[in-house]
Amino acid sequence: MSQTTLLERVEPVARDVLALTLRGRHGPLAPWQPGAHIDLSLPNWLQRQYSLCGDPADPDRYRIAVRREPLSRGGSEYVHLFLREGRELTVSLPRNNFPLVPAPSYLFVAGGIGITPILPMLRAATALGAATSLVYTGRAADTMPFAQELASRHDTRIGVGRADLTALAADLDPSTLVYCCGPEAMLAAAEDAFPAGQLHVERFRPRTWQFPANRPFELVLARSGLTLPVSQDEPVLDVLDRAGAGVPAGCREGVCGTCEVTVLEGTPEHRDEVGGAADRLYPCVSRALSDRLVLDL
Amino acid sequence: MLGEPGEVIKAKVRTRIDSHFHRFIAHSPFLCLATTDAAGYADCSPRGDYPGFVKVLDEHTLAIPDRLGNKLADSFTNIADNPGVGLIFLVPGHRETLRVNGTAYATDEPDVLARMQVEGKRPVLATIVEVREAFMHCGRAVVRSRLWHAESQALAEEVPSLGQIVADQLALDAAAVDADLEAAYKVLY
Ligand code: FES
């Protein structure tokens, strides 16, 4: 499912960061909750995921912020050099792998462009009357989007360099939930510092994992009754495509959650970063541990 | 007999990739790369991928990924012997083509290859082109050839498949060659 938008506004919000405002082409856009992201389809056939950082109460607009990556593979560079205001852009429905779970208090930890999903969460938590605090760090002050508007908040600490997450964890109340989004080093440090039950993290890029060697298995599609062999070299997503049972895909790297399917039988081997329920499979990267995997397709 | 190119056209020959040329390359999924070997024999090979697969590293430098099936060896041996290259970039639907001439060398520089990752895979090597000149080539050839007309696609039906061609040449079974080829095309990266 996709939605057509018009690129209403492009504005710099930090060094190498542009904020894009997308307005629904045919009326209101699908609603979203803080923490949600969309897939943006670029004219050069690439699809990229961006967190929504605008106001969920505005039904007509999505806002995203895009940092130009020095080693861009063609996504962020395209946005920065070639997108112009007024052009039409296709986006997916919002998806939320990082929802705000109700809690009396929250600690938000953001690094650089990782502030984007945190921004609407912070506003929503404040509006709900929860106690909030934000620790926001970056490589240099001018690389940190929205730092100025956040600096006026009393609950916010903004700094250059690394946040001392161990110290934050030592003071953490057991009823506080921690939401963290930023570069991989920060996420890894957060996973070390905070108790797993209190921590939620959002990854934009998959970690580099070492997986056991791929093994072939048999895929059964319960609804269509198809049985498909999956060889060791082929992603499940491609096998489904070829069988005419394709599912929509976004990142193809196991981070966005677009390709989600339900497992009815068998043991999936989760290789994704989405962190969905155990019976959900992200066939762009995930495979099976059992010799047979039955999907609800 | 051939006439001189008009002043306007001549003026458009640049020695660098300006923002218009950059935009053209960022939307081009296909190019032809011409090289010559030590003896002066020429070779021309197609390259293609998603639009913008050729990276503009700076206004004097391009990087072309070298993936499966590019018949790498010929271009690389040629470039090692004779670095002069000529490129023609095409943008589907666009009448004009972008021509870039320069000198080339192969690289395995990780930062360059990282920018060309597709479906998690990096190319093994990239061809770096140092731009000597770049210019738009007038669209007459594309217009006359009706290259982008949908009806023109029917021409392909009149031409035998690669399987048939190879099978005739080598006295093999055409269907088997075509099936092998379809299987090979499934692995693009
Ligand atoms: S396509 Fe993004 S998780 Fe599978």
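The sequence lines fix the lettering, A, B, ..., with proteins before strands; numbering per chain opens at 1.
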Please state whether the side chain, the backbone, both or neither of [X] comes within less than 4.5 Å of a heavy atom of chain B.
| X | result |
| --- | --- |
| Glu69(A) | neither |
| Leu46(A) | side chain |
| Pro70(A) | backbone |

Determine whether more than 12 heavy atoms belonging to other residues, nucleotides or ligands lie under 6.0 Å from atom [atom1] of [X].
| X | atom1 | value |
| --- | --- | --- |
| Arg9(A) | CZ | no |
| Arg146(B) | CZ | no |
| Arg162(A) | CZ | no |
| Arg16(B) | CZ | yes |

| Inter-chain contacts: residues 94-106 of chain B against chain A, heavy atoms under 4.5 Å |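 Against chain A, none of the residues of residues 94-106 of chain B fall inside the cut-off of heavy atoms under 4.5 Å.
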| task | Write out, in numerical order, the residues from residues 20-38 of chain B with a heavy atom short of 4.5 Å from a heavy atom in chain A. | result |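 Those residues of residues 20-38 of chain B which have a heavy atom under 4.5 Å from chain A are His22(B), Arg23(B), Ala26(B), His27(B), Pro29(B).
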| message | Below 4.5 Å, heavy-atom pairs only: which of Arg115(B), Met116(B), Lys55(B) has the largest tally toward chain A? | response |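 The option with the most such pairs is Arg115(B).
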| query | What's the shortest heavy-atom distance between Asp111(B) and Leu71(A), and which atoms? | reply |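 Taking Asp111(B) first and Leu71(A) second, the nearest heavy atoms are O-CD2, 3.6 Å.
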